[in-house]
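Chain A is the first sequence line, chain B the second, and so forth, proteins listed ahead of strands; every chain is numbered from 1.
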There are 2 protein chains.
Amino acid sequence: MGIVRKTKAVNTVLNIFEHNNEAKSVVNLIELVKGEMNKTTVYRILDRLEQDGTIHCFNGKDGLKWYAKCNGCSENHHYDLHPHFQCTNCDKVECLSLEVKIPSLKNHKVDTTDILLMGQCSDCLT
Amino acid sequence: MGIVRKTKAVNTVLNIFEHNNEAKSVVNLIELVKGEMNKTTVYRILDRLEQDGTIHCFNGKDGLKWYAKCNGCSENHHYDLHPHFQCTNCDKVECLSLEVKIPSLKNHKVDTTDILLMGQCSDCLT
DNA sequence: GGTTTAATGCAACTAAGTTGCGAAAGTAGA
DNA sequence: TCTACTTTCGCAACTTAGTTGCATTAAACC
Ligand SMILES: [Mn+2]
Ligand SMILES: [Mn+2]
Ligand SMILES: [Zn+2]
Ligand SMILES: [Zn+2]
């Protein structure tokens with residue numbers, strides 16, 4: 001069970017994800033809402049939104065937690081196995097709607113993948 | 001510049017990687033050599049061995065640092081862009097000699113990838 | 001409005017990883 | 001083998017991400 005009460009803090013976090021489509025690191029989110037809510041609250045809201053299938057979580061290049069909006073996930077069905085791209089210059093992270101084919105592995109059962117591409121984003125290329 | 005002096009501590013760490021081919025988390029390595037050397041030393045030796053192209057570093061599923069032996073890398077050439085597999089049951093990590101094709105991204109320059117497959121390893125499947 | 005209980009704030013904690021500095025130990029050359 | 005030079009190490013203190021327990025606050029439902 002994720003979000004059951006639409007608190008002020010929940011709405012603030014939701015607004016951040018609604019307003020632009022970029023992924024956000026937890027560190028950045030905490031910074032963004034500083035003064036408005038406690039960091040513990042941020043972590044707990046993100047947990048609940050993830051359970052609901054509203055956002056999904058993944059690790060950035062430094063092993064930090066990042067979150068981004070889901071697209072058609074629900075509490076029961078999470079299907080955001082898409083890869084992510086992180087710019088080595090500006091650190092920005094994007095969700096990619098690419099399909100990456102994973103060759104099958106004998107004697108292994110692959111349930112999920114975590115694919116991070118790194119390099120220069122379009123802003124930093126010019 | 002990586003390793004310049006073959007100290008006792010360096011040999012201990014090297015032996016761990018020589019003796020079996022598995023990837024090791026830094027946390028696990030520190031545990032393994034507890035009593036023999038300080039954790040700061042472990043971090044510093046791993047840094048130097050990585051610079052030399054002796055081992056390579058990547059993030060496990062929890063965002064922790066893992067290291068494994070390189071295969072034919074040198075100080076000047078690092079080419080271990082292979083994917084890794086981590087068992088969700090026993091946490092073991094393996095280097096995979098798979099080639100994963102990444103579709104090209106327009107307006108992006110992809111320099112490197114970090115691909116982690118997760119699921120059940122052969123030991124945990126039976 | 002009053003009651004219930006989820007959600008929040010706060011402070012204290014855990015754990016990974018880093019830094020600075022004085023002491024110890026490789027290494028090369030005499 | 002001894003010395004001198006410089007890398008490496010140990011230690012303690014620090015930084016930062018993330019977690020936990022508990023008392024207080026505020027949604028939601030009547
Ligand atoms: Mn995504
Ligand atoms: Mn590897
Ligand atoms: Zn960029
Ligand atoms: Zn396993």
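Side chain to side chain, B:Thr54 and B:Asp52 fail the donor-acceptor criterion of an N or O pair below 3.5 Å.
We find that CG of A:Leu29 is positioned 13 Å from P of D:dA17, with the value rounded to whole Å. Straight-line distance from the CG atom of A:Asp47 to the C1' atom of C:dA7: 13 Å, rounded to whole Å. Between B:Glu31 atom CD and C:dA16 atom P there is a gap of 10 Å when expressed in whole angstrom units. A straight line from OH of A:Tyr43 to C1' of C:dG9 spans 16 Å, rounded to a whole angstrom.
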Please enumerate all protein N or O atoms sitting under 3.5 Å from an N or O of nucleotides 8-10 of chain D, with distances to 0.1 Å.
residue, atom, partner, partner atom, Å
D:dT8, OP1, B:Val4, N, 2.9
D:dT8, OP1, B:Arg5, N, 3.1
D:dT8, O5', B:Arg48, NH1, 3.4
D:dC9, OP1, B:Thr7, OG1, 2.7
D:dC9, OP2, B:Arg48, NH2, 2.4
D:dG10, OP2, B:Asn38, N, 3.1
D:dG10, OP2, B:Thr41, OG1, 2.4
D:dG10, N7, B:Arg44, NH2, 3.2
D:dG10, O6, B:Arg44, NH2, 2.7

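Side-chain contact check for A:Thr88 versus A:Gln120: some heavy-atom pair is nearer than 4.5 Å. Taking 4.5 Å as the limit, every side-chain heavy atom of B:Lys34 sits out of range of all side-chain heavy atoms of B:Lys39.
Across residues 49-70 of chain B, B:Leu64, B:Lys65 each have a non-hydrogen atom less than 4.0 Å from an atom of DNA chain C (numbered order).
Under the salt bridge (Lys or Arg N to Asp or Glu O under 4.0 Å) criterion, A:Glu22 pairs with no residue, sequence neighbours left out.
The line from NZ of B:Lys61 to CD of B:Gln86 is 5.0 Å long, rounded to the nearest 0.5 Å. Once rounded to the nearest 0.5 Å, the distance linking CG of A:Leu64 with CG of A:Asn28 reads 11.0 Å.
Here the two rings, on A:His56 and A:Tyr67, have centers that are 6.0 Å apart or farther.
Under the 4.5 Å side-chain heavy-atom criterion for grouping Ile, Leu, Val, Met, Phe, Trp and Tyr, B:Val26 is connected to B:Leu49 within one hydrophobic cluster.
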